[in-house]
> 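One structure, as structure tokens, below. Some questions next.
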Amino acid sequence: MLTGAPLSRFRKNLVAWFAEFQRDLPWRRTRDPYHIWLSEIMLQQTRVAAAIPYYERFLERFPSVEALARAPQEEVLRLWSGLGYYSRARNLQKAAQEIIAKHNGVFPSKPAEALALPGIGAYTAAAILSIAYQKKHAVLDGNVARVIARLNAVRGDLRTNGTWQKLQGSADYLLDEKSPGDWNQAMMELGATLCMPRSPQCLLCPVSEFCEARKHGLADVIPEKRAKRNTVEITLASLVLMDARGKTLLLAPPKSARKSAAADDIHTLVSRMWHFPTLAVPRGQAAAALAKFVEESLFAGRAFRAELLPLKKVRHAVTYRSITIFPFRADVEKLPRVPGAKFFPLANVSALAISNLTRKVSRAVLASK
């Protein structure tokens with residue numbers, strides 16, 4: 001553990017490097033807690049380059065906590081559509097509503113109050129409070145954990161409870177309390193741009209002289225790779241019904257927020273959003289299973305006379321699931337009346353809150369025309 005002059009030099013080197021080489025990111029141009037909070041939520045499971053245009057569009061539509069809290073949830077999800085992990089957007093709005101109700105519209109500066117908000121965990125609270133309010137809380141995310149693990153040559157799975165707690169203790173100890181917000185961002189920036197999971201750029205690192213992993217030739221093997229969950233293969237059939245006006249049928253999001261544990265649960269796979277009639281099918285039986293489903297579920301047992309036109313299959317992935325979707329198009333004189341369903345122009349379905357899976361199916365149909 002660094003102490004005295006080496007610790008001071010470590011901090012000085014890292015802060016100076018960050019001041020000169022940090023990326024120009026839109027959320028770094030403000031101390032507004034709402035903007036910083038939004039960026040932190042968007043950056044969970046999302047690359048910086050992908051998040052930036054969503055961040056800018058979201059703030060244009062919802063410039064304040066009040067605007068977000070009052071908005072229809074479907075509008076929030078529509079602006080989020082494409083980022084994935086939609087529970088983030090739902091929790092973001094729920095938290096905004098709590099902030100209006102309990103905190104006078106301002107993101108709370110006390111850790112306990114921040115942690116009580118939906119979607120806010122230890123890392124997110126520390127990031128927001130340190131950057132927006134200069135509170136002395138050290139962040140620990142994957143990037144920071146990797147930096148500290150290499151600095152201290154920590155072996156084994158970093159995500160085990162005991163190891164993660166020790167890494168948090170190290171992060172707390174290293175924190176530059178004079179500028180906690182910049183310090184936290186510098187640690188994260190180092191992990192994101194130089195101290196990367198593979199091929200770390202040790203020659204460019206401003207603190208490489210303090211790195212135990214580099215001294216012992218372990219930078220490429222720390223942290224150890226985590227065992228991946230086995231991939232589950234799922235096959236879906238999806239139907240796009242089309243009438244003469246170019247309108248299609250979309251089924252409503254489920255009213256219940258409860259998630260199914262089944263890997264092939266359709267509501268989970270379409271992120272509980274508007275979607276085409278879709279079902280899990282055995283391989284090689286997509287057309288037959290879909291025809292039966294359509295007759296029983298959409299046409300109330302009446303014979304389905306339209307031809308199912310098979311389209312190019314679509315590939316999709318959700319966490320550990322590898323999904324093959326067989327889209328079909330069927331032209332009908334009249335779209336069936338289904339409770340809660342919506343008739344909508346196929347060319348404009350992206351104006352609705354839909355998942356990437358549904359968007360890929362719509363593109364497959366549009367490409368076939």
Side-chain angles (χ1 to χ4, degrees), residues 45-47 50 53-54 77-78 80-87 89 228-243 246-254 259-260 262-295 297-298 304 306-332 335-336 338 341-369:
Q45 309 292 335
T46 303
R47 294 177 297 106
Y54 283 91
L77 292 173
R78 185 182 70 80
W80 200 274
S81 183
L83 271 179
Y85 300 93
Y86 294 94
S87 61
K228 290 186 177 180
R229 181 172 180 173
N230 292 334
T231 300
V232 175
E233 299 284 343
I234 296 172
T235 303
L236 304 179
S238 192
L239 176 64
V240 179
L241 292 167
M242 295 288 297
D243 67 11
K247 289 192 173 184
T248 188
L249 175 77
L250 290 157
L251 300 182
K259 293 183 179 180
S260 169
D264 59 359
D265 176 65
I266 298 302
H267 287 159
T268 300
L269 297 180
V270 298
S271 303
R272 295 170 43 228
M273 299 166 82
W274 291 99
H275 58 284
F276 298 112
T278 301
L279 74 158
V281 297
R283 273 197 175 274
Q285 300 180 35
L290 187 60
K292 181 180 179 182
F293 168 78
V294 170
E295 286 190 358
S297 300
L298 302 184
F304 178 60
E307 178 185 3
L308 289 176
L309 176 65
L311 305 174
K312 185 177 180 180
K313 69 181 179 182
V314 172
R315 301 289 297 179
H316 189 62
V318 178
T319 59
Y320 61 90
R321 305 168 182 89
S322 178
I323 306 167
T324 302
I325 309 148
F326 290 92
F328 292 82
R329 171 179 171 164
D331 295 322
V332 294
L335 294 169
V338 178
K342 178 177 289 190
F343 299 161
F344 207 79
L346 177 64
N348 298 332
V349 291
S350 290
L352 297 175
I354 60 173
S355 67
N356 278 340
L357 188 154
T358 300
R359 186 175 286 105
K360 288 179 180 180
V361 172
S362 71
R363 287 173 182 164
V365 178
L366 290 168
S368 71
K369 297 177 70 176

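Remember, it's a predicted structure, so these values are computed and weren't measured experimentally.
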> Yes or no on side-chain contact (heavy atoms from CB on, under 4.5 Å) for Thr358 and Val349, after CA distance, side-chain angles and deciding distance?
CA-CA 9 Å; Thr358 300; Val349 291; 5.9 Å; no
> What is the minimum heavy-atom distance between Leu83 and Ala50, and which atoms define it?
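Taking every non-hydrogen atom into account, CD2-O, 4.5 Å.
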> Would the distance check show the side chain of Asn348 and the main-chain N or O of Ala351 forming a donor-acceptor pair, the cut-off being under 3.5 Å?
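Answer holds: no.
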> Side-chain contact, heavy-atom cut-off 4.5 Å: Leu241 with Leu298?
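Yes - at least one pair of side-chain heavy atoms lies under 4.5 Å apart.
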> Can you tell me how far CD of Gln285 sits from OG1 of Thr235, rounded to the nearest 0.5 angstrom?
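Between Thr235 OG1 and Gln285 CD, I get 10.5 Å after rounding to 0.5 Å.
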> Between Lys360 and Ile325, is any pair of side-chain heavy atoms under 4.5 Å apart?
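No, their side chains stay 4.5 Å or more apart.
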> About how many Å separate CG of Leu77 and CH2 of Trp80, when rounded to the nearest 0.5 Å?
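Trp80 CH2 to Leu77 CG: 9.5 Å, rounded to 0.5 Å.
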> Atom CZ of Phe293 and atom CG of Leu279: how far apart are they, to the nearest 0.5 Å?
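Rounded to the nearest 0.5 Å, the CZ-CG separation comes to 5.5 Å.
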> So Leu346 and Ser362, do their side chains get closer than 4.5 Å, heavy atoms only?
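With C-beta onward as the side chain, the pair touches.
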> May I ask you to test the His267-His275 pair for a side-chain heavy-atom distance under 4.5 Å?
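Of all side-chain heavy-atom pairs linking His275 with His267, at least one is under 4.5 Å.
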> At their closest point, which heavy atom of Ala306 faces which heavy atom of Asp331, and how far apart are they?
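Smallest interatomic distance, heavy atoms only, reads CB-O, 3.5 Å.
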> When you look at Thr319 and Arg229, which way does the side chain to side chain donor-acceptor pair (under 3.5 Å) test go after all the steps?
CA-CA 9 Å; Thr319 59; Arg229 181 172 180 173; over 6 Å; no
> Between OH of Tyr85 and OG1 of Thr46, what distance do you get to the nearest 0.5 Å?
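Interatomic distance, Tyr85 OH to Thr46 OG1, rounded to 0.5 Å: 8.0 Å.
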> List the residues meeting salt bridge (charged side-chain N to carboxylate O under 4.0 Å, His left out) with Lys292, not counting sequence neighbours, and say none if there are none.
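Here no residue qualifies.
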> Do side-chain atoms of Ser81 reach the backbone of Ala353 as a donor and acceptor pair under 3.5 angstrom?
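Such a contact is absent between Ser81 side chain and Ala353 backbone.
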> Are any of the side-chain heavy atoms of Thr324 and Arg283 separated by less than 4.5 Å?
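Thr324 vs Arg283: side chains touch.
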> Going by heavy atoms in the side chains, are Leu236 and Val281 under 4.5 Å from each other?
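Heavy-atom side-chain distance check fails, nothing below 4.5 Å.
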> Side chains of Trp274 and Pro253: closer than 4.5 Å at any heavy-atom pair?
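Contact flag for Trp274/Pro253 side chains = yes.
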> Roughly how far apart are Leu239 CG and Phe328 CZ, rounded to 0.5 Å?
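It is 9.0 Å, given to the nearest 0.5 Å.
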> Please report the C-alpha distance between Lys247 and Phe344 in whole Å, then the side-chain angles of each, then the deciding distance to 0.1 Å, and finally whether the side-chain contact (heavy atoms from CB on, under 4.5 Å) criterion is met.
CA-CA 5 Å; Lys247 289 192 173 184; Phe344 207 79; over 6 Å; no
> Set out, in order, the CA-CA distance, both residues' side-chain angles and the distance that settles side-chain contact (heavy atoms from CB on, under 4.5 Å) for Val365 and Arg363, then state yes or no.
CA-CA 5 Å; Val365 178; Arg363 287 173 182 164; over 6 Å; no
> Which pair of heavy atoms, one from Ala286 and one from Phe326, lies closest together, and at what distance?
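So the minimum-distance heavy-atom pair works out to CB-CB, 4.1 Å.
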> To the closest 0.5 Å, what do you measure between CG (Leu269) and CG (Asn356)?
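One gets 13.0 Å once the value is rounded to the nearest 0.5 Å.
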> Is Arg47 atom CZ crowded by more than 12 heavy atoms from other residues, nucleotides or ligands, each under 6.0 Å away?
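No - once you tally the heavy atoms of other residues, nucleotides and ligands closer than 6.0 Å, there are 12 at most.
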> With a 3.5 Å cut-off and no angle check, do the side chains of Ser355 and Arg272 form a donor-acceptor pair?
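On atom types as modelled, these side chains do not qualify, holding no pair under 3.5 Å.
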> Could you tell me if the side chain of Leu311 sits less than 4.5 Å from the side chain of Val240, heavy atoms only?
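No, too far: nothing below the 4.5 Å cut-off.
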> Please report the closest heavy-atom contact between Ile234 and Ala263, naming both atoms and the distance.
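Ile234 and Ala263 have their closest heavy atoms at CD1-O, 3.1 Å.
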> What's the shortest heavy-atom distance between Arg78 and Leu352, and which atoms?
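Closest pair (atom of Arg78, atom of Leu352, distance): CG-O, 3.7 Å.
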> Nearest heavy-atom pair of Ser238 and Phe276: which atoms, and what distance?
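Closest heavy-atom pair between Ser238 and Phe276: OG-CB, 3.6 Å.
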